[in-house]
Participant: 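Quick one: the structure is below, questions incoming.
Below, read A as the first sequence line, B as the second, and so on, with proteins coming before strands; counting in each chain starts at 1.
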Protein chains: 2
Amino acid sequence: MKKDVNLTVQALQRMPYYLQCLRKVKENGIQIVSATAIANELNLNDVLVRKDISMICTTKGKPKTGFIVDELIENIEDYLGYNNTMDAILVGVGSLGKALLGNSEFNKFGLNIIAAFDIDEDIINQVICGKKVFAIEKLQNLCERMHIHIGIITVPAEFAQEVADKFVNSGIKAIWNFALIKLSVPEDVLVQNENLAASLAVLSQHLRNEMDENK
Amino acid sequence: MKKDVNLTVQALQRMPYYLQCLRKVKENGIQIVSATAIANELNLNDVLVRKDISMICTTKGKPKTGFIVDELIENIEDYLGYNNTMDAILVGVGSLGKALLGNSEFNKFGLNIIAAFDIDEDIINQVICGKKVFAIEKLQNLCERMHIHIGIITVPAEFAQEVADKFVNSGIKAIWNFALIKLSVPEDVLVQNENLAASLAVLSQHLRNEMDENK
DNA sequence: TGGATATCGATATTGTAATACTGATAAAAT
DNA sequence: ATTTTATCAGTATTACAATATCGATATCCA
Ligand SMILES: NC(=O)c1ccc[n+]([C@@H]2O[C@H](COP(=O)([O-])OP(=O)(O)OC[C@H]3O[C@@H](n4cnc5c(N)ncnc54)[C@H](O)[C@@H]3O)[C@@H](O)[C@H]2O)c1
Ligand SMILES: NC(=O)c1ccc[n+]([C@@H]2O[C@H](COP(=O)([O-])OP(=O)(O)OC[C@H]3O[C@@H](n4cnc5c(N)ncnc54)[C@H](O)[C@@H]3O)[C@@H](O)[C@H]2O)c1
C-alpha cells in the first residue's frame, strides 16, 4: 500500500463503496475484475475508478482483464485502517449514542468505542452493549491514559461545543460530530460532521422537483 | 423565495449551517448581518456566502451593513421546506430506527415520520415514540393511500435492496439510506446515503497523518 | 460636508475534480 | 499468424465550484 499519499475526501468516501462492490464480486467467485466493471456497478466513470485504485494500490492492472480482486480488497482495507483498530470514546448516551454503542459493524471498519460518558446520573456506571458509561469529569484522565484520539459527540447541539472543548483539552485529534452545529476547534483537529439536516435538504429539493414535474 | 432555482448539493448542504448561524445572531438581538460576518463565523469565503444567499433569497443586501436576518431565515426555511412538512415512513425498527423515530428534531426540519415497518413479529404493532410499527406487507398500501414519497431505510445492508425495491413499487421518490450499500433504483428516485464508513475513512486518514507528523 | 470604510453585486480568475482522449498491451477471435 | 477487442496507464481537456477582483453604494466619522 502507498501509505504516504493522501486521497481527496471525495476519493476517500468512494473507497467503502469499492470495497462493498469488490466483496460482492468475490462472493460470486470472480478473481479478476476490471475498473470498467466496478464503474458500471457503482455508476461511476471508469477512468475515475482506475485513478482511485492507482492512488492507493501497488497492484497493476492487466489490459483486457483487470485487477486481482483480493489484492484490491487488501490494499483498500489497509488504507482505510480496517486492519489496525482505532480506539474511540463517545459522549452523550441518549438514543443515538446507544445505537452507536451497540453497532457491531464499527469493528469491521477499524473503530472500537472503548467507553462512553454522560452527565445523567441515571446512566453513569451503567454498561451499554458492553461499554461502561462514566461521568463526564473522568473524560480527560481516561483519554490521556489510554491515548485516545477519536471522540464521538452525540449530545444535544447546545452542549456540543463544550464537549468539543473538553475533547481538545484531552488530546483528541478527530471528532465525529452528530450534533447539528458548527464546532470551533484548533486547526490540527478534524471535525467530521454527520449532518442530517444537510441530507434532508437534498431529499427535500429533489422531492420538490419531482412534484413540480408531475403537475 | 426563488423556488424555481436548484442549488448545487454543496450549496444546499451549507444552508442548514447558515440557518444555525443566523438564529444564533438573532438570539443576540442583531437584526442585520453581513455575508462577511457569516463567512467568518462558519469559516467560509464571503463571496461564496453572498452567492449562496443570492441564489435563494429575494432580499437584497445593503452595502456597509448587510442583510436583514429575519428575511434570510425565512427565505432559507422556505427553501428547505421547513414550513411545509413532508411525510415519511421508516423500515427497520432496530436500534438506529428507534433512535430516528424518537428524534423530535426532525419536525423542525420539515420531516414527519408517520409510521414504521419491520418483519420482526415482536416489534410489529408496538408503538415507538408515538409511531406505530406495521408488518412490512402493509407498506405499499399505506404509502399509496397516504401519498408518501420519502422512505427511510434502517435495515441491515443485506436487506436494504429489497426494501428499496418495495419503496420504488410504492411510489416513493426519495430514499434516505442508512445501510452501507449502494442501492439500484430508477433515475427519478433519489438515494441519499448516510454512509458512516465513508465518514470513518476521513477520520482515519486524518488521524494517520497526525500520528505520522508527531514522530 | 467630504473622505474613509465596509459591504454589496457582478464579473473574472483560479483551482481542482471528473471526464475524454491516446497509445500500449494482453487476451480472444478469425 | 493476424486481426479484433477490451482494458490499462498516462496525459489532455472539460466542467464547475470556490476565490479574487472591481466598481458602486450606503454608512460612519472627521
Ligand atoms: N436521535 C437521532 O436520531 C439523532 C440522529 C442524528 C443526530 N442526532 C443528534 O445527536 C444528538 C443526540 O441526540 P439524541 O436523540 O441521542 O438525544 P438524547 O437526548 O436522547 O441524548 C442526549 C444525551 O446526552 C447527554 N448529555 C447532555 N449534555 C451532556 C454533557 N454536557 N455532557 C455529557 N453528556 C451530556 C444526556 O444526558 C443524554 O443522555 C443531538 O444533537 C441530535 O441532534 C440525533
Ligand atoms: N446502529 C447504528 O449505530 C447504525 C448507524 C448507522 C447505520 N446503521 C445501519 O443501519 C442499519 C440498521 O442498524 P441497526 O443497528 O439498527 O440494526 P438492528 O439489527 O438493530 O435493526 C435492524 C432491524 O431491521 C429489521 N429488518 C430486517 N430485515 C428486514 C426487512 N427485510 N424488512 C423490514 N425490516 C427488517 C429487523 O427486524 C430489525 O428490527 C444497518 O444497515 C446498519 O449498518 C446503524
Participant: Rounded to the nearest Å, what distance is computed from the CG atom of residue B/D46 to the C1' atom of nucleotide C/dA6?
Facilitator: 11 Å

Participant: Taking atom P of D/dA17 as reference, at what distance in whole Å does atom CG of B/L12 sit?
Facilitator: 12 Å

Participant: Take atom CG of B/N45 and atom P of D/dT21, then tell me their distance rounded to the nearest Å.
Facilitator: 11 Å

Participant: Who pairs with A/A174 by side chain to side chain contact (heavy atoms under 4.5 Å, CB included), at least two apart in sequence or on another chain?
Facilitator: A/I150, B/L203, B/H206, B/L207

Participant: How about A/L183 and A/I181: do any of their side-chain heavy atoms sit closer than 4.5 Å?
Facilitator: yes

Participant: Strictly by ring-ring contact (aromatic ring centres under 6.0 Å, His included), give each pair with a member in residues 84-113 of chain B just once, sequence neighbours left out.
Facilitator: B/Y82-B/F109, B/F106-B/W176

Participant: By the ring-ring contact (aromatic ring centres under 6.0 Å, His included) test, which pairs, at least two apart or in different chains, include something from residues 35-57 of chain B?
Facilitator: none

Participant: Considering only distance and modelled atom types, tabulate donor-acceptor pairs under 3.5 Å from the side chains of residues 154-172 of chain B, sequence neighbours left out.
Facilitator:
unit_1, atom_1, unit_2, atom_2, d
B/T154, OG1, B/V91, O, 3.1
B/T154, OG1, B/G92, O, 2.6
B/Q161, OE1, B/S184, N, 2.9
B/Q161, NE2, B/D165, OD1, 2.9
B/Q161, NE2, B/S184, O, 3.1
B/N169, ND2, B/D165, O, 3.3
B/S170, OG, B/K166, O, 2.7

Participant: If you compare every side-chain N and O of A/R50 against the phosphate oxygens of D/dA9 (OP1, OP2), does one of them come in below 4.0 Å?
Facilitator: no

Participant: Could you check how far CE of B/M55 sits from P of C/dG9, rounded to whole Å?
Facilitator: 14 Å

Participant: Examine distances only and state if a side-chain atom of B/N103 and a backbone atom of B/E105 form a donor-acceptor pair shorter than 3.5 Å.
Facilitator: yes

Participant: Just by distance, do the side chain of B/N177 and the backbone of B/A179 share a donor-acceptor pair under 3.5 Å?
Facilitator: yes

Participant: Could you go through residues 40-49 of chain A and list every donor-acceptor pair under 3.5 Å that involves a side-chain atom there, pairing it with any protein atom two or more places apart or in another chain?
Facilitator:
unit_1, atom_1, unit_2, atom_2, d
A/N40, ND2, A/T36, O, 3.4
A/E41, OE2, A/K24, NZ, 2.9
A/N45, OD1, A/V47, N, 2.7
A/N45, OD1, A/L48, N, 3.3
A/D46, OD2, A/R50, NH2, 3.3

Participant: Output yes when A/R23 and A/E77 qualify as a salt bridge under the 4.0 Å nitrogen-oxygen rule, no when they do not.
Facilitator: yes

Participant: Please enumerate all residues that pass ring-ring contact (aromatic ring centres under 6.0 Å, His included) together with A/F67, with sequence neighbours excluded.
Facilitator: none

Participant: Rounding to an integer number of Å, can you tell me how far A/N6 CG sits from C/dA17 P?
Facilitator: 12 Å

Participant: Taking A/T85 for its side chain and A/L111 for its backbone only, find out whether a donor-acceptor pair lies under 3.5 Å.
Facilitator: no

Participant: Counting only side-chain nitrogens and oxygens, does B/R14 get under 4.0 Å of the OP1 or OP2 atom of D/dA18?
Facilitator: yes

Participant: Closest to the A/K51 side chain: C/dT19, D/dT19, D/dA9?
Facilitator: C/dT19

Participant: When you compare the protein's N or O atoms with those of nucleotides 1-3 of chain D, which come within less than 3.5 Å of each other, and at what distance?
Facilitator:
none

Participant: Go through the structure and list residues passing ring-ring contact (aromatic ring centres under 6.0 Å, His included) with A/Y18, not counting sequence neighbours.
Facilitator: none

Participant: Starting at atom CD of B/Q10, determine the distance to atom P of D/dT19, rounded to an integer number of angstrom.
Facilitator: 12 Å

Participant: Would you be so kind as to tabulate the donor-acceptor pairs closer than 3.5 Å made by side chains of residues 8-16 of chain B, with sequence neighbours excluded?
Facilitator:
unit_1, atom_1, unit_2, atom_2, d
B/T8, OG1, B/A11, N, 3.2
B/R14, NE, B/D52, OD2, 2.6
B/R14, NH2, B/D52, OD1, 3.3
B/R14, NH2, B/D52, OD2, 3.3

Participant: Produce the list of close N/O pairs, under 3.5 Å, pairing protein atoms with atoms of nucleotides 24-30 of chain D; give distances to one decimal.
Facilitator:
unit_1, atom_1, unit_2, atom_2, d
D/dT27, OP1, B/K62, NZ, 3.1

Participant: Going by heavy atoms closer than 4.0 Å, what residues in residues 22-44 of chain B are next to DNA chain C?
Facilitator: B/S34, B/A35, B/T36

Participant: Does B/Q31 CD have over 12 foreign heavy atoms under 6.0 Å away?
Facilitator: no

Participant: Can you give me the bend angle of the helix from C/dT1-D/dA30 to C/dT30-D/dA1? Use the axis through the first five pairs and the one through the last five, nearest 10 degrees.
Facilitator: 0°

Participant: What is the distance from CD1 of A/I68 to C1' of D/dT7, rounded to the nearest Å?
Facilitator: 15 Å

Participant: For B/L48 and D/dC16, what is the distance between atoms CG and P respectively, to the nearest whole Å?
Facilitator: 17 Å

